[in-house]
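Okay, so here's the structure we're looking at.
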Amino acid sequence: MAYDHKRIEDFWRKEWRTRGTYHVENDTAKPKYYVLDMFPYPSGAGLHVGHPLGYIASDIVARFKRHSGFNVLHPMGYDSFGLPAEQYAIQTGQHPAKTTEDNAARYREQLDRIGFSFDWSREVRTSNPDYYKWTQWIFLQLFNSWYDPKADKARPIAELIARFESTGCQGQDAEVLTGDIEEAIGPFTAAEWKNFSERTQQMVLQYFRLAYLSDAWVNWCPALGTVLANDEVKDGVSERGGHPVERKRMPQWSMRITAYAQRLLDGLDDLDWTTSMKEAQRNWIGRSEGASVRFGLTPSPSPGERGTPPADPRFRETADPAIWSKLDVHAKDMRKNPTEAEDKLWEQIRGNATGGRIRRQHIIDRFIVDFVSLPKQLVIEVDGDIHDLQQEADAARTERLKELGFEVIRFRNGEVLHNAAEVRDRIIQALNERPNFAQRDELEGGTEAHSPLSPGEGPGERSGEGAIEVFTTRPDTLFGVTFLTLAPEHELVQALTTDAQRTEVEAYVKASTNRSERERQAEVDKVTGVFTGSYAKHPFTGKDIPVWVGDYVLAGYGTGAVMAVPGGDQRDWRFAKHFGLPIIAVTEGADIGKSADERKDAVICSEGFLKGLKVADAIPRAIQELEKLNAGEGRINYRLRDAAFGRQRYWGEPIPIYYKDDIPYPLPESELPLVLPEVDKFLPTETGEPPLARAKNWTYTPKPDRAHAPLSPGEGTGVRSGDAGAYPLETTTMPGWAGSSWYFLRYMDPHNEGRFASPEAINYWQQIDLYMGGSEHATGHLLYFRFWTKFLFDRGLIPFDEPAKKLVNQGMIQGVSAIGFASKGMTSSNLGAVPFEDQSDGRIIHTIDGEKRELPFSEKPTRYFFSSDVVESISPDSNFGYESDRTEVRFDVSCVHDGVLNFDQLMARDSRSEFTDGIYVTWDGIWHKGGFHEFVNEDHGFDKVDGPEFTLRGKKDFLTQPEVEKMSKSKFNVVNPDDIIEHYGADTLRLYEMFLGPLEQSKPWDTHGIEGTSRFLRKFWNLFFEGDILSVSEEAPTEVEQKVLHATLKKVTEDIGKMSFNTSVAQFMIAANELGALKCHKRDILEPLTIALAPFAPHIAEELWSLLGHSDSITTAKWPQWHARFLEESIFSYPISFNGKTRMQLEFPAELSKEEVEAAVLANPEVQQRLEGKAPKKVIVVPKRIVNIVL
RNA sequence: GCCCGGGUGGUGAAAUGGUAUACACGAGGGACUUAAAAUCCCUUGGUCCGCAAGGGCCGUGCGGGUUCAAGUCCCGCCCCGGGCACCA
């Protein structure tokens, strides 16, 4: 009987499903094994042959473990929240839930066809409310936790509050990793804590929560209308779509992953992950050891710096809480659309121009004032014409403001427009006349007024008072410091700038903040900077050190300031060289005229206590001295930043937070899941708010009577009545990585309604034993995954703090694109759109005869593929003129065979319009106008050329060039597994994907090679048949047959352990070839071999198993053991080498000793002949391996 | 620049310091067949000598080294892929 893959695979797919063959129970006496694949985002393009590679490998392991007596959890699901479905929704209006549903169904169909042993009853989808209820729940746990640095773990926020209530916060608890409580509010006693308003208390707590709201610098992507996490940005553009990204400061939900930096680093040591994976994580975390050093400030040259007695945080609560949020929307709006006069004045008084900070459109009580200095309690109003009509109202307003202690000064529109500078001076004068009502006006670092609940997290906020604090990894080079450099965003820049330097500094700061990340990166080689005019004191020498501003210093790392050691740091050296600053040698033997000496094994040559010490010894010594002087201390810095958690998008988990008086409060657990509301459009609102702001009644009304009642059916909807006590809900949603940060736990107990997973299930399944997925998740998913796991561990919710013991990254299967070339200046995307007339450089075609001919365009040709530039460079000998500027056009690879395009197939498959009408030029320089098919097809092609006559010559085939690159729909190089399965069967596909090469390696897909594995399966099948008749004999196997079997079992068993599947498949082929040659049809050989093959090719194995007379599934069969006794050789054929070069083979009994072999070899006449009578210098015999004779 | 991988036939690739190129594709030749498909068999790293049987030399990116023996270990380069990157 012929091997009929279709019949067999269809049958067993159905059979497995009806029998529930792959259903997994939680409670068994068997040992567990957890094999997990990174779940896919179900994209509209479906699977290509690259996707299943890892799934096949993990499926083999899962099946192998099952045969080996383990209870194996091998689930699959969908990471179903994400941008593409939302983008599609924006374009078409189709709800992302529908798109996701359709795509997932298609994925399921494709996955099923490949024969995976997934237990689909455990499927999870991150966009399913039953699932994201628990994502939200975990968010609430994070919100309600803080990181205790002493216990080095997360604890409930309630414990922190209790601590504040009993002992306050005197600084020792304040070692939080982002935002420094000392800076924000200073130490407070228990009594003070109790006196704080709720708002202040909540603000303080934001500094500690693991999920927190703050004003933060974010990666804002205008094209996507959302913020992105650091790992979602590559080279200054968004990883998805490649849109530009800018730095922007805005209120933002973040995850305090930095609290876990050290543990994320330490945890790597015990994991069985590849070194490159671990290194990528280590790089990302970026720990560096060094010191923080404080350079004292000489008295401030600017009126901006004042004394800093403790702040009264309540001072900032200037708005009437009841209507704050409503007013804030207006205030924001007004800030965005200022009047001309307001704008003009703002230019004059913004920043530190008046010597203190002015806020605009700030809310005081029930009013939005134009400008205000809070410390001086001075309101500045600019009256437009409209004010004339409402003087009465203004009077009342002024009255009320005066009651609150504010002075109001008014200017007329005209005054400002006419002479803004004068108005500014009058404001400065008025300010100087006012006493300082609050000494500290900075509780947040933004330049706009906003919610008082925005703890600052800006550069430099950790700087000590009256000092510039820097971080350095080389405190040993302190004596080489010749200047300090501040990032342009550093908060002290304004204060330190002297009047003489002000214009220059402000221009510089403005210019560098306006530059996008991308521009900055592009101009990395440019040295720019400006002197502030101020000096700081060197902690050791007491010398004055000039303070500069330079954008080579990053605001976000360390303190946003560096001590520049041009003798020891190349960047500082370049800066010094450029601005003519002194360069002092810090190390012996340095040639500082040419470059800085960055050697870490050098000896310090600076005069003083470090002289003569090696770098390694000088570093601790310098730190010691700094500590003595209280001018610094040892410090560890991490590159890792807190992760932006809010997304201004629709298709994500709603963040379960509501706002009362602008304070974020967690929704009670009983309100979960907070279901995504319906919206009319999936776009931001006209005022720029996220799509959820479009939802009707997106508010929450607490129901005190039912606060503790269990969730009843129908509840938990986000749509709530808009009654008076309704509070607005958070409108940003969670990022894509939220749902994928804990999904492995849900598979353990996917239908649990009362908990994310039962403790029993978690205790049984524990960690992932084998995690399979792409290496591109090294710094994103895998870091967050580990972070959440550690957090859940800290809070006692799970008994382990790493999710995956072993991680294997499958390589990428690349596509082979078929490429043709179009003219310079055109891209494949605009190719179809450019009218020919507009392409001035496309008009002339140069033929290989060297003639130039003008193309006729009486018939308005619109498109072309090969134009003058390409053709011009073609000569008969040149390789088609590759080097010229060109634009690549990719043809659907399924229409290309051996590089030759089959146009009939192309016409049938590819509807791109440029194929129907255009101008085409071949490799040989022959051009043609008309439909692509007319051109390419020999049968009715070239004859149809009209216009000036051209000689036809050379190849008539339309040749393409192959190029190996990422397999993707947009490159037209996708190979669909469905087509392969249709033709060859799923088992062949599985075997072939494994046979391609080592799992972790990237390799191009080449469908040709599949014949080999297809042939193998037919050979294997035929071992069970003689002609058309099933023929399996019960005869006892011979020694040779046993040897083939056991060698195969040994190799395959060992190779699965090593994840070396390509060599396993090769071994199966060897076995089939040898048994075929032996005409072996014996059950004792074929049955164990079938079990061994089952993980790789489950359908055919199951079929043969049933043909062998078994009624239960082969998945229940015990893995066959190999026995060494069948592999023992009685005769070993020794390779005999002379001076390491093999020259002959000699057979000896395997049990012969070293000496016996040596004697026998030397006695051999052929050997004697080679020795030519001379005695060998040395004879090395490695029993059962080799003999080497040294002459 | 720093940190990880990797470089072996025409191609995908094998090889605990021990016969380099297993297995497969492709190519060439042959058998079966009216023919085709399918199947099976042989050859297939380069080069030189030989009518042939057979034999010599060279070969795992380049140059050194360790060793009886190196694709494998060590040192120094070159190239390719990936990660990080004015991170102080």
Side-chain angles (χ1 to χ4, degrees), chain A residues 2 234-235 274-288 290-291 470-474 477 485 487 520-521 523-527 550-554 556-565 568-572 574-575 598 637-641 775-776 778-779 809 811-812 898 991-992 995-998 1000-1016 1018-1019 1022 1054 1060 1062-1070 1072-1073 1076-1077 1133-1145 1176-1182 1184-1191:
Chain A
K234 282 229 158 80
D235 302 323
T274 59
T275 45
S276 65
M277 250 358 204
K278 291 186 186 183
E279 277 307 310
Q281 294 224 335
R282 289 192 184 109
N283 272 336
W284 191 259
I285 296 166
R287 177 189 156 108
S288 48
V470 302
F471 172 74
T472 178
T473 54
R474 297 287 303 276
T477 61
T485 314
R520 267 206 195 192
Q521 274 180 19
E523 292 171 12
V524 144
D525 293 336
K526 259 196 183 163
V527 178
D551 72 359
Y552 80 96
V553 178
L554 301 180
Y557 182 75
T559 62
V562 301
M563 57 177 228
V565 185
D569 183 290
Q570 191 56 32
R571 295 158 302 186
D572 298 340
R574 271 179 31 186
F575 196 84
E598 294 185 322
N637 230 324
Y638 300 91
R639 207 180 61 85
L640 185 72
R641 310 289 155 78
S775 56
E776 68 274 17
T779 50
N809 307 114
M812 201 178 18
D898 296 324
L991 280 172
Y992 185 54
F995 186 63
L996 272 176
E1000 307 203 9
Q1001 205 164 295
S1002 287
K1003 53 242 158 184
W1005 178 267
D1006 174 18
T1007 303
H1008 286 302
I1010 204 168
E1011 289 293 343
T1013 44
S1014 175
R1015 229 166 263 159
F1016 156 71
R1018 283 197 298 267
K1019 279 185 206 169
N1022 285 332
E1054 287 170 355
S1060 176
N1062 54 329
T1063 51
S1064 315
V1065 176
Q1067 182 61 39
F1068 279 122
M1069 288 175 170
I1070 292 169
N1073 289 343
S1133 176
Y1134 278 91
I1136 313 296
S1137 57
F1138 293 82
N1139 289 335
K1141 282 170 188 152
T1142 310
R1143 286 292 175 260
M1144 61 178 87
Q1145 300 274 324
K1177 265 194 203 144
K1178 203 170 180 182
V1179 179
I1180 285 111
V1181 178
V1182 184
K1184 291 215 262 183
R1185 189 139 287 173
I1186 200 168
V1187 176
N1188 190 16
I1189 300 168
V1190 186
L1191 298 174

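To find a chain, count down the sequence lines: A is the first, B the second, and so on, and within it residues start at 1. Model, not experiment: these values are computed from the prediction.
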Can you tell me whether the side chain of A:Arg641 and the base of B:C87 have a donor-acceptor pair closer than 3.5 Å?
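Checked by distance alone, the answer is yes.
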Any side-chain N or O of [X] under 4.0 Å from OP1/OP2 of [N]?
| X | N | value |
| --- | --- | --- |
| A:Arg1018 | B:U39 | yes |
| A:Arg287 | B:C87 | no |
| A:Ser288 | B:A88 | yes |

Quick one: pull up OG1 in A:Thr275 and CZ in A:Arg282 and give me the separation to the nearest 0.5 Å.
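Between A:Thr275 OG1 and A:Arg282 CZ, I get 9.0 Å after rounding to 0.5 Å.
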A:Glu279 side, atom CD; A:Gln281 side, atom CD - distance, nearest 0.5 Å
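One gets 10.5 Å once the value is rounded to the nearest 0.5 Å.
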Quick one: A:Arg574 CZ to B:G1 C1', roughly how many Å, whole number?
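The distance from CZ of A:Arg574 to C1' of B:G1 comes to 12 Å, rounded to the nearest Å.
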[N] to [M] separation - [atom1] atoms, rounded to the nearest Å:
| N | M | atom1 | result |
| --- | --- | --- | --- |
| B:G9 | B:A14 | P | 13 Å |
| B:C74 | B:U67 | C1' | 12 Å |
| B:C68 | B:C4 | C1' | 35 Å |
| B:C41 | B:C32 | P | 15 Å |
| B:C77 | B:C42 | C1' | 45 Å |
| B:A20 | B:A70 | C1' | 11 Å |
| B:G10 | B:U44 | C1' | 10 Å |
| B:G26 | B:C80 | P | 32 Å |

Any idea which of [options] is nearest the [X] side chain?
| X | options | answer |
| --- | --- | --- |
| A:Leu996 | B:C3, B:A88, B:G12 | B:G12 |
| A:Arg571 | B:C86, B:C4, B:C68 | B:C86 |
| A:Asn283 | B:C86, B:G5, B:G83 | B:G83 |
| A:Thr275 | B:C84, B:C86, B:C4 | B:C4 |

With side chain to side chain contact (heavy atoms under 4.5 Å, CB included) as the test, pick out the partner of A:Phe575 among A:Asp569, A:Val527, A:Val562.
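So, applying the side chain to side chain contact (heavy atoms under 4.5 Å, CB included) to A:Phe575 and each of A:Asp569, A:Val527, A:Val562, only A:Val527 qualifies.
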Using a 4.0 Å heavy-atom cut-off, write out nucleotides 17-24 of chain B from 5' to 3' as B (base contacted by protein), S (sugar-phosphate only) or - (no contact).
-BBS-BBS
Nearest-nucleotide 5' precedence on RNA chain B, A:Ala561 against A:Met277:
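Closer to the 5' end of RNA chain B: A:Met277.
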